[in-house]
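These notes concern the structure reproduced below.
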Amino acid sequence: LLAGLEKLRDEPAETEDGQRITLQVNTGLMTDIVRSIERGAEGVGLYRTEIPFMVRDRFPSEEEQRLIYREQLSAFAPHGVTMRTLDVGGDKPLSYFPIEEDNPFLGWRGIRLTLDHPEIFIVQVRAMLKAAEGLNNLRIMLPMVTSVIEAEEAQHLIHRAWLEVREEGVDVEMPPVGVMIEVPASVYQARALAQRVEFLSVGTNDLTQYLLAVDRNNRQVSELYNSCHPAVLHALLHVVEQAHEEGKPVSVCGEMAGDPSTALILMAMGFDSLSMNASNLLRVKAAVRQVNMTFLRRLLNEVLAMDNGEVIASYLDLQLTKVG
Ligand code: PEP
Ligand code: MG
């Protein structure tokens, strides 16, 4: 199967009637770089910076971080690399920074933690900026944002870090800053957030978890975890509309983007780019190249009129099998 798909590596992700979409990869480990380049990724839509933090037994220094980030940025240049600031807490523990909470998913995680520890945040951003010197393909993305206050505070710290490194002689442009939409509050703040940042990216893994109140890692309730639930689909549509009304690009970097049937629905909604694990990229590209926008828009209208998430999921699978 993969042998057949490999020939698509340098072909565009374009429908039969010429609609293009940018396909990017989610990375974290060094090994993801090679696999992504092999599959012709158009940059990185989500670099999970917490992964190099999680595999260590102490916080990496600014210089250690700079070297790690440089590898990502230089491997994908001139394509953009979207680096998410440290997203620990919840399901992502750091052994050397223990957090004890009754409700970790509703607790101290993502941007909340780094805004309370600006010294961690600033060191990370400084390392990113230094790593981007001479390449300027860095984009910075903020996880778990629930309010414009958090976005503004983080932007302020990023700007401060940028002034610092410039002062020290590092020749780097101020990178675009974006926020993840992955909690219900940010869905309804999408316009206000889009007005303040350069791009939005929907984290459908957490967004599904929080909209449906279903722990993404709890097997007991895994049957209830469904990104095709109408609440999720309508939230996604709302986010695209709000972002585009503000003239800002919007992507999806959750697992939904890497499943051909849901990826096509996201394309129909108008998302500008999809970011996925490298292993899914060519399958998604193959699916995109086999459909046209008339078919996709009709499919989208059909599923938006349905009210049962399980029916929607199986209907999409069925439609895709017909296409493929
Ligand atoms: C998400 O929540 O959809 C996402 C992409 O981030 P993570 O899976 O790392 O929480
Ligand atoms: Mg997330």
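Order of appearance sets the numbers: ligands from 1, and atoms from 1 within every ligand.
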#### Entry: Glu168, CD: over 12 other non-hydrogen atoms inside 6.0 angstrom
yes
### Task
State plainly whether the residues Arg191 and Glu246 are in salt-bridge range, i.e. N to O under 4.0 Å.
yes
### Message
One thing to verify: whether Glu42 and Arg20 come together as a salt bridge, which I'm taking to mean a side-chain N less than 4.0 angstrom from a carboxylate O.
### Response
yes
Could you tell me, for ligand 1, which of its N or O atoms are under 3.5 Å from any protein N or O, listing the pairs and their distances rounded to 0.1 Å?
unit_1: ligand 1; atom_1: 2 (O); unit_2: Glu182; atom_2: OE1; d: 3.0
unit_1: ligand 1; atom_1: 2 (O); unit_2: Asp206; atom_2: N; d: 3.0
unit_1: ligand 1; atom_1: 2 (O); unit_2: Asp206; atom_2: OD2; d: 3.0
unit_1: ligand 1; atom_1: 3 (O); unit_2: Gly203; atom_2: O; d: 3.3
unit_1: ligand 1; atom_1: 3 (O); unit_2: Thr204; atom_2: N; d: 3.1
unit_1: ligand 1; atom_1: 3 (O); unit_2: Asn205; atom_2: N; d: 2.7
unit_1: ligand 1; atom_1: 3 (O); unit_2: Asn205; atom_2: ND2; d: 3.3
unit_1: ligand 1; atom_1: 6 (O); unit_2: Arg84; atom_2: NH1; d: 3.0
unit_1: ligand 1; atom_1: 8 (O); unit_2: Arg48; atom_2: NH2; d: 2.9
unit_1: ligand 1; atom_1: 8 (O); unit_2: Asn205; atom_2: ND2; d: 2.9
unit_1: ligand 1; atom_1: 8 (O); unit_2: Arg216; atom_2: NH2; d: 2.8
unit_1: ligand 1; atom_1: 9 (O); unit_2: Arg48; atom_2: NE; d: 2.7
unit_1: ligand 1; atom_1: 9 (O); unit_2: Arg48; atom_2: NH2; d: 3.3
unit_1: ligand 1; atom_1: 9 (O); unit_2: Arg84; atom_2: NH1; d: 3.2
unit_1: ligand 1; atom_1: 9 (O); unit_2: Arg84; atom_2: NH2; d: 2.7
unit_1: ligand 1; atom_1: 9 (O); unit_2: Lys92; atom_2: NZ; d: 3.0
unit_1: ligand 1; atom_1: 10 (O); unit_2: Lys92; atom_2: NZ; d: 2.9
unit_1: ligand 1; atom_1: 10 (O); unit_2: Asp206; atom_2: OD2; d: 3.0
unit_1: ligand 1; atom_1: 10 (O); unit_2: Arg216; atom_2: NH1; d: 3.0

### Query
Taking all non-hydrogen atoms of both residues, which atom of Ser275 and which atom of Leu46 are closest, and how far apart?
OG-N, 3.6 Å
### Query
Under 2.8 Å from the Mg ion (ligand 2), which protein atoms of type N, O or S occur, listed by chain and number?
Glu182 OE1, Asp206 OD2
### Task
Please name all residues satisfying side chain to side chain contact (heavy atoms under 4.5 Å, CB included) with Ile99, sequence neighbours left out, ordered by chain then number.
Phe97, Glu101, Trp108, Leu113
### Message
Closer than 4.0 angstrom, basic N to acidic O: yes or no for Glu302 and Arg298?
### Response
yes
### Exam field: side chain Glu62 to backbone Ala127, donor-acceptor pair closer than 3.5 Å
no
May I have the list of side-chain donor-acceptor pairs in residues 157-164 shorter than 3.5 Å, sequence neighbours left out?
unit_1: Trp162; atom_1: NE1; unit_2: Val172; atom_2: O; d: 2.9
unit_1: Glu164; atom_1: OE1; unit_2: Arg126; atom_2: NH1; d: 2.8

### Query
Should the heavy atoms of other residues, nucleotides or ligands under 6.0 Å from CD of Glu63 be counted, would the total exceed 12?
yes
